[in-house]
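Please read the structure below before turning to the comments.
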Amino acid sequence: VVEIAAGRFHTVALLADGSVRCWGAGETDTGTAPDFGQCIVPADLGPAIAIAAGRHHTVALLADGGIRRWGEGFDVACAIPPDPDSPFVAIDAQGDRTIARRADGRVFAWRACDPDLHEVVPGDRGRPVAVDAGADHVVALFEDGSVTAAGAQGYWFVGPFLDLDWIPTTQASVPVLPGPVESIASGPRHNLVVLEGGAVAAWGDDCDRTLVSDDPPEVSIECWGAIDVPDDLPPARAVAAGTRHSVALLVDGGVRCWGDNRHGQCDVPGDLEPVVAIAAGLDFTVAIEWDGDIRCWGDGVCHVPSDPPAGPLPARTIDAQDVSIVATFVDGSVTRWNAQTGAASAFPRPMPPAVDAKTSDLRRSMILLADGGVRVVNHDDGGSFVPTPEDLPSLASIAIDGGGSVDGLFGIPGDPRPIEAADLDLDGRVDGADLAIMLAIWGECAAGSACAADLDRNGRIDAADLTVLLAAWQIATPGV
């Protein structure tokens, strides 16, 4: 055996002679979970050089650069023939999607036997600088300010009398944008971008469909306005996409929110201090204030751990998905918790210093380390590391989605990102904006509160901290 891959209920092995063996669910095809024929290896399968396993499907990369895929969604195995000018050289499978990279660097993602492959990373766009993922799609931002998206083009809805209706959606189809993009954010089924100059654009699907009655047939459709950007929105520097609501971090450090507000997720606290980072989950919004304190609102009560592993240290990054929140702190520590209960997730200890972390619901976290490495943690079994590819390059940016039963993991290769505590506004450099933050909160730290600008951790912001900041002035932080 030279390679092994695992789906939700099946395991696949690649043998040294290029043949493929499979066992577990899917040795028959009943058309119902979990047996979709994902272990019925095509009899005419040529020599394979790589394999991947999704939720209920199997993928093989062939020696000629073509791809075969079988399992859920197919009556017969489907094939993507090789392109002599640019054969496929790598594959992956997540949920019901297949992801593949050609020799020219282009990356594609598709579902079923879609003949129209959806480019995630085109070969002519240059280097991607950011990536984010929703429930079944991924969005990439490139150096030239262009954006691409790929993934689900819709979803199945169980309508009256159990009829299946295909509901098309647009989250994986980027509209014509009025200018270059500076930052991106993806929710389960909608996307947000900040354009050059601070304007915000949105697209996707923010509607819920509910079966009210079979007889007479009745389906309720309710849209929440998450993609309806307010006309009076001031310039923004960052955005976050929740399940049914959207959030913008304004240039002045304020926060604006729109969309579903049934749980108070758009009721921004009146005493909120200027904010440096935001995230949005199922029914809540979370932010890091400029002193490093974490604030959370929505879902009735949105919990923040009173005693995180980092102790009183300020938070540096924040991410949320579904009911989970994960944060990293200025010392490189990381913690993750349930926003509804406040219960913390288990992590393997010791954890190497982290500069960013992403969460995918209550199962997994993806941690970007200070040395450019990555760790994936499974929280279901008390906190353990999930194996990652041995040849994974150094990463500068990461994303994780929560679609299906298998989380999709995405990373952008690049230089390791140092932990630069003096970058108080998290914009990737130390400059006048950081100095302004320090001067605005000069003096003693509030009792029981951590001060992000207290760089020497002595409980006050003074000339010693100013010296540290000036020494780090204009240090670039790659990948931010």
Side-chain angles (χ1 to χ4, degrees), residues 118-122 124-134 137-151 169-206 224-242 244-259 266 268 274-280 285 287-288 317-320 356 396-397 399 410 412 414 423 425-429 431 433 476-480:
H118 305 289
E119 282 192 84
V120 183
V121 182
D124 60 352
R125 295 290 182 92
R127 179 182 179 272
V129 295
V131 62
D132 203 4
H137 73 287
V138 58
V139 179
L141 170 64
F142 294 83
E143 288 180 325
D144 63 359
S146 62
V147 172
T148 63
T169 55
T170 60
Q171 67 267 27
S173 301
V174 181
V176 176
L177 298 172
V181 171
E182 294 187 340
S183 66
I184 59 175
S186 294
R189 292 207 308 263
H190 78 285
N191 306 305
L192 300 166
V193 297
V194 178
L195 302 169
E196 192 174 71
V200 173
W203 72 93
D205 177 47
D206 67 345
W224 301 104
I227 59 175
D228 300 327
V229 180
D231 292 336
D232 62 346
L233 185 70
R237 52 178 294 195
V239 283
R244 301 177 185 87
H245 72 292
S246 299
V247 188
L249 171 56
L250 306 180
V251 171
D252 64 3
V255 174
R256 284 283 298 273
C257 180
W258 61 95
C266 283
V268 180
V275 167
V276 297
I278 54 172
T285 303
I288 300 176
T317 68
I318 197 85
D319 185 53
D356 198 5
S397 181
F410 306 91
I412 293 178
D423 178 19
D425 62 358
L426 303 177
D427 66 350
R429 60 185 180 273
D431 56 16
T477 306
V480 176

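Just so it is clear, the structure is predicted and the values come from calculations on it, not from any experiment.
Residues that satisfy the salt bridge (Lys or Arg N to Asp or Glu O under 4.0 Å) test with D232, not counting sequence neighbours, are R256. Take D231 and apply the side-chain contact (heavy atoms from CB on, under 4.5 Å) test, not counting sequence neighbours, and it matches no residue. Take I318 and apply the side-chain contact (heavy atoms from CB on, under 4.5 Å) test, not counting sequence neighbours, and it matches A277, A279, V286, I288, I294, I325, A327, W337. By the side-chain hydrogen bond (donor to acceptor under 3.5 Å, both in side chains) test, W203 pairs with no residue at all, sequence neighbours left out. Scored by the side-chain contact (heavy atoms from CB on, under 4.5 Å) test, A202 finds L192, I227, V229 as partners (sequence neighbours excluded). Applying the side-chain contact (heavy atoms from CB on, under 4.5 Å) test to P235 and every residue at least two apart in sequence or in another chain returns V251.
Distance OG1/T170 to CZ/R189: 10.5 Å, rounded to 0.5 Å. One finds the SG atom of C257 at 12.5 Å from the CG atom of L249 (value rounded to the nearest 0.5 Å). Rounding to the nearest 0.5 Å places CZ of R237 at 10.0 Å from CG of D252. To the nearest 0.5 angstrom, H137 atom NE2 is 10.5 Å from S173 atom OG.
Considering only heavy atoms from C-beta on, P175 comes within 4.5 Å of L177 through its side chain. Using a 4.5 Å heavy-atom cutoff, the side chains of V139 and L141 are not in contact. No side-chain heavy atom of S246 sits under 4.5 Å from any side-chain heavy atom of V239.
Taking both residues in full, the closest heavy atoms of A185 and D132 are given as CA-OD2, 3.3 Å, listed atom of the first, atom of the second, then distance. The two residues A287 and V275 have their closest heavy-atom pair at CB-CG1, 3.9 Å. Contact detail for W258 and P230: the closest heavy-atom pair is CD2-CD, 3.5 Å. Taking all atoms of both residues into account, the shortest heavy-atom contact from A201 to L195 is CB-CD1, 4.5 Å. The two residues G259 and C266 come nearest to each other via the heavy atoms N-SG, 4.3 Å. The two residues A248 and I278 come nearest to each other via the heavy atoms C-CD1, 3.9 Å.
Within the structure, every pair that satisfies the side chain to side chain donor-acceptor pair (under 3.5 Å) test and touches residues 177-187, not counting sequence neighbours, is listed here: S186-N191.
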